[in-house]
Amino acid sequence: MPIPNLLAELSDRLIYSAIAVYALAMLAYAYQAARRSHPVPEDAPRLEPDAAGAHAAVPDPQPPTAGGRPAIRDAAARRTERIAAALTTLAFVLHVAGVVARGLAVGRAPWGNMYEFTTAATLAATAAYLVFLRRGQPVRDLGVWVLALVTLCLGLAVTVLYTPAGDLVPALNSYWLVIHVAAAIIAGGVFTVGAAATGLYLTRRRADARDAGGQATRGYAGRLPAGATLERVAHTAHLFAFPVWTFAVLAGAIWAEDSWGRYWGWDPKETWAFITWVLYAAYLHAQSTAGWRGRKAGWLALAGYAAFWFNFVGVNLFITGLHSYAGV
Amino acid sequence: MTESIGAWPGNAVAEATASRPAEDTLEDTALSHRLEEAARPGVMAVPPRPTGQGLVAWARWAWRTLTSMRTAVLLLLALALAAVPGSLLPQRGVAFDPGAVTRFLADNPVVGPWLDRLGFFEVYSSPWFAAIYLLLMVSMTGCVLPRAARLWQSARAEPPRAPTNLARLDDHRRATVAAEPAQILQAAASHLRARRFRVVVDDDSVRAEKGYLREAGNLVFHLSLLALLFGVAIGSLFGFEGRVIVVEGASFTNTRLQYDEFTPGPLTDAAGLSPFSVTLDDFTARFETAGPQRGSARDFQADLTVLRTPGGPAEKVTVEVNHPLQVEGTKMFLTGHGYAPVVSVIDGRGQTVFSGPVVFVPFDGNLSSEGVIKVPDGQPTQLGFEGFFLPTASVDPAAGPRSLYPDLVDPQLLLTAYTGDLGLGDGAPQSVFRLDKTDLSQVMVGDEPFARALRPGESMTLPGGQGTLTFESVSRFANFQIAHDPGKELSLVAAVALLLGLTVSLAVRRRRVWVRVSAASAGGAATVEAASYALTRREPVPGELSSLLAALPGAEPGGADASPHDRED
């Protein structure tokens with residue numbers, strides 16, 4: 001068997017292994033979230049909607065590097081959390097190896113079709129999550145959601161979207177493929193962390209509003225970090241991802257000029273990249289607008305994330321355009 | 001957008017503190033709260049309605065509303081929504097498939113015309129789409145330019161004086177330092193200067209500010225958007241886009257008449273096109289021969305002889321996908337290819353009345369192609385042929401004639417014939433890819449239409465001696481897109497500036513730091529207070545104050561006592 005085929009097969013196995021470990025890590029995070037007791041009151045300053053406090057960084061009472069809040073009374077839950085983080089790292093390593101093996105097997109950047117793009121984009125999502133975790137950001141509660149998305153997408157990739165290793169159509173044969181798509185993948189990964197944080201922020205905020213009137217926020221939402229903390233994580237993620245996405249769109253325009261003779265032609269893929277960009281721009285502006293900061297801004301960010309995914313799934317599968325050659 | 005990405009830079013504070021002593025502003029709780037609100041993101045949501053009746057008052061209110069952040073957010077949202085239908089409905093002039101709008105109108109006779117009237121088939125050039133982005137640009141400019149003026153002022157102003165109660169600020173630390181106050185202040189000032197703060201030393205305090213570049217980046221970002229819009233406008237006003245099919249051996253000269261399709265802008269100088277010409281010497285295509293992606297295109301190459309100027313030196317150039325030919329500002333791109341069967345036709349009198357390649361248009365991935373051959377010089381009757389060209393032929397009883405592979409493995413030309421009047425005499429423009437069958441009658445054999453499948457070298461003779469067609473050989477043709485966009489350099493510069501401005505405005509945190517020293521106590525130790533205040537929506541830089549305090553002479557390691565104001569309430 002020639003080496004490229006061996007590598008392609010190795011890549012497939014590594015991706016399958018990564019899926020299995022991701023699933024375990026996700027279960028560990030879920031177990032940890034379920035076991036954790038409610039945070040102690042001073043740990044969870046209430047988010048006052050649209051008050052100046054929404055800006056003020058609510059400091060973590062412990063140095064963030066300590067890895068958590070006193071919320072976790074339960075030593076078992078803390079241990080589970082460490083296990084979950086370790087499993088995520090292991091799955092990530094397998095995932096990296098899988099993507100690299102695929103790249104070696106096909107002799108080009110491993111993101112030339114929907115299957116490869118999905119494996120690379122989910123890798124970026126895990127990477128973004130791990131970077132946030134390493135930097136002491138309070139993202140632990142995002143773990144179960146990010147990993148659920150990663151596991152689901154990888155599962156769909158290997159079943160529905162799978163494409164055997166092969167060469168590309170001539171239109172994709174350009175170094176811009178490496179630059180443009182890599183930027184889109186990185187932005188997508190960080191947007192995922194931003195979207196997960198925003199989703200939890202909206203959940204927490206809603207629960208806070210529901211349980212307003214003295215008593216502590218109950219249920220799952222009550223165990224989440226304070227709304228302001230989640231909002232800050234989301235904001236940080238979006239602040240990083242937005243310029244990267246801008247770069248991806250601009251690089252795409254330069255490539256389009258090189259291959260089709262016009263840098264912008266309102267092709268469906270371009271249109272949805274533009275819609276995504278405008279929605280995230282609206283989010284960033286809304287974060288600075290009284291009456292929009294917080295809840296409405298959060299929905300704008302989620303709309304931007306939905307547009308990002310629609311651009312990948314909907315435009316590739318349901319709309320005919322110049323980018324349709326990407327192949328399933 | 002008053003506030004672009006992220007933050008209100010605290011101009012209100014800057015102005016307030018510049019005009020009066022800082023103590024006044026932050027001493028009064030209510031006032032300081034207002035200022036805090038004003039300093040933070042999101043002040044200029046919507047200005048209050050004017051109380052007076054005057055036209056000027058209303059105009060001012062309208063302008064303020066238009067340039068407010070809330071309007072900007074709503075316009076951005078509207079822009080995103082307005083862009084959606086253009087990606088779901090077929091579009092004129094931008095579509096991948098030029099016939100899509102006509103087909104959609106035929107399929108939807110009720111809704112279609114209404115959508116057409118409302119501009120839904122030309123969304124991106126429709127008045128309502130233009131209205132949104134133009135309003136957005138006006139809103140943005142009206143917001144950004146006054147900010148540029150304020151930036152200029154604040155860049156020349158000193159950092160404001162320290163507020164009385166430093167403990168109220170975002171991040172506040174206190175330490176006891178065994179050193180002289182003046183020495184401490186000097187040390188703090190040089191520490192901050194080394195970190196490129198703008199520093200002013202007062203009697204008992206140091207004030208410093210950093211991150212002016214943030215506002216500059218923000219400004220560059222927004223102005224670049226305007227420049228980008230200009231670049232796009234210049235391109236669509238003065239540029240053009242055209243398409244042409246060139247068969248192997250044939251030439252193309254860059255004049256308007258030689259284009260199969262030419263789309264100029266309203267101000268394009270169509271007579272002044274760059275006068276180059278090209279000859280397609282050879283076209284090669286390579287396809288995947290095995291595996292699951294068998295038949296996928298792998299490599300296209302068009303070998304051209306180029307004359308950059310009429311009568312100039314001939315130059316051999318290879319054009320590939322992603323590697324266009326560039327002549328001055330005009331670019332020629334390879335966008336597709338297909339086959340042109342070479343045929344010759346002998347008419348009823350025995351004279352050769354047609355000879356040459358005929359372009360057949362591919363309609364699937366394996367280059368199954370369809371086309372027509374028109375022989376207007378045929379006597380006693382004009383001749384027309386219609387049918388398919390299949391590079392690797394298979395006639396499936398269910399699916400009809402289809403090619404199995406895009407390369408020439410078993411090329412066949414499948415034709416039926418027509419006689420009569422081709423309808424070319426009345427001067428009305430006619431597609432070269434379709435027969436006008438109004439005055440034509442199909443050649444029949446009994447009840448069946450006359451039809452033949454020819455391999456290269458084979459001939460077919462029409463019943464009754466009306467003519468003979470010979471399939472000589474197969475040539476390839478290439479589709480070229482030719483474009484000239486005089487606005488693209490400006491757009492590129494704007495795009496680069498846009499990205500730089502955006503990155504700077506999001507990455508730089510504008511902040512102020514104050515250090516105050518209380519007089520040394522009996523033991524010779526002075527109390528030092530340091531506080532920082534973020535003018536952006538991001539938390540203060542971690543560790544900035546502790547490293548400042550640690551750098552003071554006589555500081556004890558870890559002696560700083562953090563007291564963020566949130567926890568005092």
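In what follows, chains carry the letters A, B, and so on, assigned in the order in which the sequence lines appear, proteins first and then strands, with residues in each chain numbered from 1. None of these values were measured; they are calculated from a predicted model.
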For the residue pair B:Tyr124 and A:Trp264, is the inter-centroid distance of their aromatic rings smaller than 6.0 Å?
-> no
Given that the side chain runs from C-beta out, which part of A:Phe274 has a heavy atom under 4.5 Å from chain B: side chain, backbone, both or neither?
-> side chain
For B:Leu74 and A:Trp292 the tightest heavy-atom approach is CD2-CZ2, 3.5 Å
Provide the closest heavy-atom pair for B:Met69 versus A:Ser288 in the form atom of the first, atom of the second, distance.
-> CE-CB, 3.7 Å
Interface moiety of B:Leu492 toward chain A, non-hydrogen atoms closer than 4.5 Å | side chain
So do the side chains of B:Val123 and A:Trp266 get within less than 4.5 Å of each other, counting heavy atoms only?
-> no
Top of B:Thr335, B:Leu79, B:Thr503 for chain A proximity - count of heavy-atom pairs under 4.5 angstrom = B:Leu79
B:Leu76 pairs by side-chain contact (heavy atoms from CB on, under 4.5 Å) with which of A:Val278, A:Leu279, A:Leu284?
-> A:Val278
Of the backbone (N, CA, C, O) and the side chain (C-beta and beyond), which part of A:Trp277 lies under 4.5 Å from a heavy atom of chain B, both, or neither?
-> side chain
Proximity of residues 493-501 of chain B to chain A, residues having a non-hydrogen atom under 4.5 angstrom = B:Ala495, B:Leu498, B:Leu499
Top contributor to chain A interface from B:Pro324, B:Ser491, B:Ala483 [non-hydrogen pairs under 4.5 Å] | B:Ser491
Run the numbers on B:Lys488 and A:Glu257 for salt bridge (Lys or Arg N to Asp or Glu O under 4.0 Å), then give the verdict.
-> CA-CA 9 Å; B:Lys488 75 183 174 201; A:Glu257 207 279 324; 3.1 Å; yes
Identify which of A:Thr246, A:Thr276, A:Val244 forms the greatest number of heavy-atom pairs closer than 4.5 Å to chain B.
-> A:Thr246
Do you know the tightest heavy-atom contact between A:Thr271 and B:Ala83?
-> CG2-O, 3.3 Å
To the nearest 0.5 Å, tell me how far B:Leu75 CG sits from A:His285 NE2.
-> 11.0 Å
Any A:Trp272 side-chain heavy atom under 4.5 Å of B:Val84 side chain | yes
Which atoms of B:Ile482 approach chain A - backbone, side chain, both or neither, heavy atom under 4.5 Å = neither
Proximity of residues 297-305 of chain A to chain B, residues having a non-hydrogen atom under 4.5 angstrom | A:Leu300
